[in-house]
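In what follows, a single structure is set out as structure tokens and then discussed.
Below, all heavy atoms of this structure are taken into account, side chains as well, without hydrogens, waters or symmetry copies.
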Amino acid sequence: MPLVSERVRDLHARMTLEEKLAQLVGYWLDQNGTVAPMQSEMASGQKDPGQLAEITRHGLGHYTRVYGTRPVEPAERAAWLWAEQRRLKRETRLGIPALVHEECLTGLAAWQAASYPTPLAWGASFDPELVHAAARAIGGSMRELGIHQGLAPVLDVVGDPRWGRVDECIGEDPYLVGTVGTAYVRGLQEAGVHATLKHFVGYSASAAGRNHAPVHAGPRELAEIYLPPFEMAVRDGGVRSVMNSYADVDGVPVAADPHYLTDVLRTEWGFDGVVVADYFAVAFLQVMHGVAADRGEAAALALAAGLDIELPTGDAFLEPLAARIRAGLTDEALVDRAVLRALAQKEELGLLDPEAYEDEPPTHVDLDSPRHRELARRLAEESVVLLSNDGVLPLAQPRRVAVVGPNAARPEALMGCYSFANHVLAHHPDLPLGFEIRSVHEALAAALPDVTFAEGCTVEGDDESGFAAAVAAAADADVAVVVVGDQAGLFGRGTVGEGNDVQSLELPGVQRRLVEALVATGTPVVMVLLTGRPYAIGWALDGEGPRPAAVLQAFFPGEGGGDAIADLLTGVANPSGRLPVSLPRAAGAQPFRYLHPVLGGPSDVTSTDPTPVRPFGFGLAYTTFAYDDLQVDPTVDSAGVFTAAVTVTNTGDVAGADVVQLYGRDVVASVVRPVVQLLGYARVELAPGESRRVTFQVPTTRVALVDRRLVRVVEPGEVQVWVASHAAVTDPATVVDATGGAIASAREMTRHTVPGQSTPHAVLQVTGAVHEITAEDRRIVDVEVNDA
């Protein structure tokens with residue numbers, strides 16, 4: 001049994017079986033459109049919300065998305081919620097309010113709430129502090145509305161951009177995902193809202209990038225790539241809730257796997273919160289995985305594995321489970337264990353306090369306050385990645401600018417699939433978005449004196465009838481800005497998002513042909529991508545013949561994205577985003593991530609080259625940076641930490657931010673290791689000519705491996721350590737070769753050799769016996785940035 005208070009134990013001791021089960025399920029008050037997999041089939045038997053008194057006669061664990069399923073006026077809904085919670089306290093025997101959960105992946109998913117950049121943009125910012133601030137603001141709005149739990153962040157590590165849910169993820173490096181995701185957890189929970197880690201574990205490793213497809217990752221890959229972000233958020237972030245993955249891993253559905261939900265999560269990591277089911281995941285054990293004969297058996301398998309709460313409804317945990325317990329087929333002790341965890345969570349959130357909901361509900365709620373807008377815009381600005389630039393940017397106030405493309409004038413193109421606009425309002429096209437947002441066209445028209453617009457084509461489809469007007473506008477302009485990319489949506493509604501997986505990584509529809517037609521006019525073309533995944537755009541970056549003069553990548557930058565992109569194009573702001581995922585060469589090269597061993601990259605034994613057209617960590621700016629005086633302390637302190645320091649200098653003429661990246665490689669190990677691994681990073685703001693000394697304090701656990709016994713260890717031996725501007729810089733020759741010469745002048749990288757070593761890397765010698773990693777070992781790199 002979990003450690004709980006006397007109040008919780010006393011409450012539990014007075015419960016009937018029906019009252020216990022009621023605390024382990026949700027009720028979905030509104031059903032609107034399709035916002036969950038197989039929603040229409042799975043929720044068809046739910047009782048009518050007009051029968052709430054009957055539905056909740058034994059109490060209720062969760063109210064599912066009372067703000068986020070259909071457009072409701074926030075203050076009016078808050079008044080209803082306060083009254084409903086008071087009714088539960090007054091009319092149910094035990095008087096326990098319901099916990100309210102909502103989606104909050106790109107800000108609170110509710111009408112009129114601020115729309116933040118998608119998590120892939122968080123990763124591109126390489127700025128955990130800003131993500132922390134955004135999460136705290138989002139959590140503040142949620143708490144004001146009586147919401148207790150947020151279903152975010154997603155800590156799935158990207159491996160295949162064909163997967164539709166890439167825009168929900170932070171990046172392809174587990175350390176970046178873990179640090180940024182943990183920052184979000186801390187911010188949300190500091191505001192009094194419990195964060196929920198998704199989707200534990202292996203979900204993004206699905207076969208061929210298909211949603212819900214089987215996962216064939218081995219235990220070492222899961223332990224080294226997919227588990228670390230969750231472990232960091234549990235141990236370092238103190239997260240209070242975890243959601244299971246829909247996937248089955250090597251034939252075992254995670255929702256029924258005690259190894260991950262109990263042995264790893266609770267026994268190894270010490271997690272003492274609640275595990276909630278992804279929507280309908282318990283029933284899916286029967287209807288999709290086929291490991292349960294009926295809903296009752298599905299409930300028993302999930303409970304035994306360590307899953308505590310069934311969401312969004314009680315398909316399995318109510319009548320089917322009760323019947324099974326009464327028949328002696330399932331031990332009620334499993335229910336007791338979950339109920340104690342659920343009640344402890346409610347106590348922690350203040351729901352068991354006598355004064356809960358005795359205050360008055362808010363009469364006015366500003367969910368898009370100046371603070372929200374400022375944070376959303378800053379995060380958008382920091383996340384945009386400049387992929388190429390022949391000098392056309394920043395725009396020097398040209399006389400005429402043609403703004404073209406299917407995403408230029410659509411605010412919806414700035415937002416991800418879990419934004420309320422694309423998640424819910426798509427079913428209510430007559431309603432306004434309810435918050436301030438400007439498209440790229442609107443923002444540029446406000447910033448520049450002479451702007452024309454032509455759509456050219458739609459995101460999807462093969463209609464080229466708009467090409468002529470777009471080409472004419474470009475031909476008559478000094479510069480053409482073409483805005484292309486995705487429309488986020490769910491389950492076939494859109495080009496990216498949950499259930500919108502693809503086989504090709506070409507831009508959707510005829511967008512590539514539109515860009516090529518504009519380039520053919522001879523007018524300099526700036527291509528801006530608003531996407532939820534990285535596309536194969538080597539033709540626009542390094543292809544033979546005419547190509548765009550500059551390319552910017554924005555991963556659904558949210559409500560401030562249009563203004564941020566306008567500022568970056570005009571030079572009001574300096575690009576500082578870095579790629580959190582490799583930019584793919586082709587769909588056939590997937591799955592790929594930069595963390596690959598020698599045989600995972602190009603070689604003479606294969607004719608297929610998976611090398612990305614732009615590597616992880618890549619990003620240009622309107623200034624240049626140089627690294628000097630790399631020093632790595634050859635000793636490891638008593639806490640198992642080594643120190644690396646480098647001086648970074650802004651060698652250009654304008655202020656800018658650099659993301660200093662520390663990489664390493666275990667030279668010889670007992671199992672195959674990646675050729676390069678991110679060990680630490682620091683975002684540094686620098687004035688022209690300014691230098692800063694960046695010091696990384698790195699625990700040797702950052703170079704740990706899972707050995708042949710499947711035990712995580714730090715082995716003795718050499719670790720090469722270097723500072724670089726992206727992951728493809730592993731020796732001086734690749735500074736030019738990896739980018740066709742574009743980087744060498746724009747982002748200089750210098751190396752220093754430790755005395756007595758002939759290698760261009762610094763070499764750290766890890767000595768002593770093999771060290772097995774324990775729960776007490778440090779997980780997160782501490783980065784200290786000092787003036788030089």
Problem set entry | Heavy-atom pair with the smallest gap, counting every atom of R266 and D308 | NH2-OD2, 3.0 Å
Problem set entry | Audit row: R87, T56, side-chain hydrogen bond (donor to acceptor under 3.5 Å, both in side chains) steps and yes/no | CA-CA 10 Å; R87 185 192 67 79; T56 61; 2.7 Å; yes
Exercise. Are there more than 12 heavy atoms of other residues, nucleotides or ligands under 6.0 Å from atom CG of D263?
Worked result: yes
Problem set entry | Test item: D315 side-chain N/O and R295 main-chain N/O as donor-acceptor pair under 3.5 Å | no
For this session: Output, in order, the C-alpha distance, side-chain angles, deciding distance and verdict of side-chain contact (heavy atoms from CB on, under 4.5 Å) for F556 and T106.
Result: CA-CA 10 Å; F556 292 145; T106 60; over 6 Å; no
Exercise. Heavy atoms, side chains only, cut-off 4.5 Å: are Y246 and Y279 in contact?
Worked result: yes
For this session: Would you check if V275 and F200 make a side-chain contact, meaning some heavy-atom pair closer than 4.5 Å?
Result: no
Problem set entry | Residues K20 and D336 bridged, charged N to O under 4.0 Å | yes
For this session: Write down the atom of R86, the atom of P361, and the distance for their closest heavy-atom approach.
Result: NH2-CD, 4.2 Å
For this session: Measure up the Y116 and H372 rings against each other and bin them: parallel (under 30°), tilted (30 to 60°), perpendicular (over 60°).
Result: perpendicular
Exercise. Given side chains that start at C-beta, do those of F435 and L367 come closer than 4.5 Å, heavy atoms only?
Worked result: no
Seminar exercise, completed: Closest non-hydrogen contact found for L88 with I96 is CB-O, 4.0 Å
Problem set entry | Of H148, H194, H101, the residue whose pairing with H62 passes ring pair (Phe, Tyr, Trp, His ring centres under 6.0 Å) | H101
Problem set entry | For E19, the option from R57, H12, R14, R93 that meets side-chain hydrogen bond (donor to acceptor under 3.5 Å, both in side chains) | R93
Problem set entry | Smallest separation among heavy atoms of Q149 and M142, with atom names | O-CE, 4.1 Å
For this session: State plainly whether the residues R371 and E374 are in salt-bridge range, i.e. N to O under 4.0 Å.
Result: yes
For this session: Decide side-chain contact (heavy atoms from CB on, under 4.5 Å) for V264 and V201; before the verdict, give the C-alpha distance in whole Å, the side-chain angles of both, and the deciding distance to 0.1 Å.
Result: CA-CA 11 Å; V264 172; V201 60; over 6 Å; no
Exercise. Looking at P153 and A195, what are the two nearest heavy atoms and their distance?
Worked result: CD-CB, 4.4 Å
Exercise. Would you call V254 and Y203 a side-chain contact if the rule is heavy atoms closer than 4.5 Å?
Worked result: no
Exercise. Which heavy atom of A281 sits nearest a heavy atom of N244, and at what distance?
Worked result: CB-ND2, 3.6 Å
